[in-house]
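Residue indices begin at 1 and follow the sequence shown.
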Amino acid sequence: MENPEVIPQLHRRAAAWCAQNQQPGDAIRHALAAEDFDHVATLLERAWLHMDRNRQGGVVGVGKALPDDLLVHRPVLTAAGWALLEQGELEAAERRLRQVERWLDASSADKNPDAIVADEAQLAVLPASVASARTYLAQAHADSVGALRYARQALTLLPPDDHLRRGVSASLLSLGAWAEGDLAAAETQMADAIHSFQQAGNVLYAITGTYVLADIHIAQGRLHAAFEVCRRALQLAETEGRFVQWGTADIHTGMATIHREWNDLAAAAQALARSHSLGEHATLPRWRYRWLLADARVQQAREDLNRALSLMDEAEKHLVRGPIPELRPAAAWKARIWIAQGRLADARRWAQAQTLSAEDELSYLREFEHITLARLLLAEDEIDDALTLLDRLLHAAEQGSRMGSVLEIEVLQALAHHAQDDVDAALSAFTRALDIAAPEGYVRVFVDEGPRLRALLSAATERGITSPHIVTLRAAFDGASSAQTADRPVTQPTPVSNEQPLIEPLSERELEVLHLIAQGLSNHEICERLFLALSTVKGHNRNIFGKLQVQRRTEAVARAREIGLIP
């Protein structure tokens with residue numbers, strides 16, 4: 001161009017036009033190209049909250065492009081360190097927050113007279129924003145006590161109708177309670193946060209909260225509740241645009257975890273594939289870490305332990321520090337695989353690096369690691385030490401109603417007693433585990449234990465212990481997919497009778513479809529619920545009608561109730 005000096009002017013004009021036409025992202029880019037940093041700062045201050053709350057990329061990069069001496073005069077913009085928090089840049093965010101706190105702590109006379117504020121509304125809630133950011137930082141540093149204190153402070157400072165900010169603070173309050181092991185409080189507070197996000201019209205944040213709520217339900221041992229909140233979140237996202245739908249990547253990852261536990265590995269892989277296609281487009285800093293861990297667990301279930309370890313190594317590289325408590329770290333998962341492979345020296349080095357011992361004071365944040373340590377003690381034939389630790393862990397988990405942990409601990413206790421030839425104690429623990437597992441359809445928590453658990457199943461049969469879930473576990477050990485064998489209905493109760501007075505009994509999948517038909521779901525709704533193709537569902541319908549010797553849905557439901565297949 002003959003007059004290169006004209007280029008900045010053109011960018012300034014473009015920035016002004018974009019700002020006037022509600023295109024803040026483009027306006028900021030043009031102002032940056034013109035190196036008009038004051039204008040960039042003003043535009044960003046007015047737009048950063050919207051851009052950050054909608055997970056729009058570029059906020060962090062723009063903030064970093066601004067000179068530090070400019071930020072000194074802009075307290076509201078400095079508080080936009082939230083964007084740094086989202087990217088795991090905790091130290092940089094800490095420096096920004098300290099600048100704002102110094103400005104807030106100064107008397108009116110001492111405040112910088114050159115301060116520039118482009119958004120008075122954000123200035124009014126600046127103390128609450130700082131308290132929320134402090135909550136985030138404290139939680140990211142595993143300081144749950146500090147996180148709870150700051151979250152309550154933020155909620156006190158925020159007006160009742162500021163639903164978006166109150167939702168953020170409530171969600172952080174939930175994470176603090178979760179880290180402390182208070183799952184009931186965490187569940188209530190996250191549900192409140194999701195409601196606030198919906199009142200604010202921020203569906204994306206509501207969906208993000210749903211993923212956490214599902215994980216809390218899993219910790220409670222409530223697989224069906226976890227699956228249902230995920231399903232509802234996907235339905236909500238369907239009414240939104242592509243950007244919000246990208247944000248459901250974590251929801252699909254969570255559903256893959258549940259499908260894996262139900263031993264439906266095909267459905268788990270399908271959910272992971274869907275998550276991957278969405279997550280590649282979304283700006284979710286922690287999605288890839290969670291996705292890799294979930295995929296590793298599926299590979300582990302397929303007995304490809306080397307592939308699982310490789311995925312876990314990759315996951316560790318993508319860990320972004322944040323407020324969600326890291327309750328099941330990748331390193332502990334790796335230690336479990338090493339134990340399964342007989343690499344006990346590697347697992348022992350992990351325990352030493354984590355300074356774990358059976359005499360430690362127990363906390364929920366390290367519960368998963370201590371259960372892993374108990375596994376190592378069992379593998380090292382330190383049965384008495386393992387049982388002592390498991391007894392302590394069981395008491396703590398029961399006190400916190402963390403039934404997901406209780407179930408795993410009971411399984412390990414059963415195996416430990418069986419290793420000592422104490423069959424009575426082993427079967428007592430095993431029966432308690434079955435009582436927890438059967439209503440929720442748990443399968444992999446047993447099957448992952450391999451031949452030792454299969455031997456325990458045989459011992460249970462010899463003692464006359466029978467249940468439909470034992471049949472399910474035996475089938476899973478025989479290598480059948482839970483799509484045909486697992487006793488894990490999605491929303492319906494277990495069939496009234498396991499005996500079918502039919503010439504050709506219905507398969508477990510056909511029973512699932514039958515229950516959903518009885519609930520009034522259409523074929524398309526059944527497709528969505530069970531992640532099946534429409535042609536597959538229609539094929540199941542034909543099989544059901546043929547086996548029941550009926551012609552239509554209403555007749556099928558009536559006949560099934562008559563013979564006790566459904567309540």
Any donor-acceptor pair under 3.5 Å linking the side chain of [X] with the backbone of [Y]?
X	Y	answer
T188	A185	no
T372	F368	yes
S467	I470	yes
S275	A271	no
E440	H224	yes
E369	A332	no
T257	T253	yes
E510	H540	no
S174	A170	no
Q220	G404	no

Subject >> Close side-chain approach of D215 and I324, heavy atoms under 4.5 Å >> reply: no

Original post:
How about E228 and H217: do any of their side-chain heavy atoms sit closer than 4.5 Å?
Top reply: no

Original post:
Atom CD1 in I383, atom CG in D381: separation rounded to 0.5 Å?
Top reply: 5.0 Å

Which heavy-atom pair separates [X] from [Y] by the least distance, and what is that distance?
X	Y	value
F446	A437	CE1-CB, 3.4 Å
L514	A556	CD1-O, 4.3 Å
R260	V298	NE-N, 4.0 Å
L365	A179	CG-O, 3.6 Å
E240	Q245	O-NE2, 3.0 Å
G322	R286	CA-NH2, 3.2 Å

Does [atom1] belonging to [X] count more than 12 external heavy atoms closer than 6.0 Å?
X	atom1	result
E303	CD	no
H318	NE2	yes
H141	NE2	yes

**OP:** Tell me, please, which residues at least two apart from R454 pass side-chain hydrogen bond (donor to acceptor under 3.5 Å, both in side chains).
**Re:** D478

Between [Y] and [X], does any NZ, NE, NH1 or NH2 come within less than 4.0 Å of an OD or OE carboxylate oxygen?
X	Y	answer
R392	D360	no
R349	D346	yes
E408	R375	yes

**OP:** Show the numbers, then the answer: is there a side chain to side chain contact (heavy atoms under 4.5 Å, CB included) between L373 and R348?
**Re:** CA-CA 9 Å; L373 176 63; R348 176 52 62 182; 4.2 Å; yes

Original post:
Can you list every salt bridge (Lys or Arg N to Asp or Glu O under 4.0 Å) pair that touches residues 287-302, not counting sequence neighbours?
Top reply: D250-R290, E280-R288

Subject >> Derivation of the side chain to side chain contact (heavy atoms under 4.5 Å, CB included) call for L427 and H417 >> reply: CA-CA 9 Å; L427 292 180; H417 287 305; over 6 Å; no

Original post:
Do we see a donor-acceptor contact under 3.5 Å between the side chains of Q198 and H195?
Top reply: no

Subject >> Ring centre gap for H259 and F227 strictly below 6.0 Å >> reply: yes

**OP:** Look at the aromatic rings of Y205 and F197 and report parallel, tilted or perpendicular, splitting at 30° and 60°.
**Re:** perpendicular

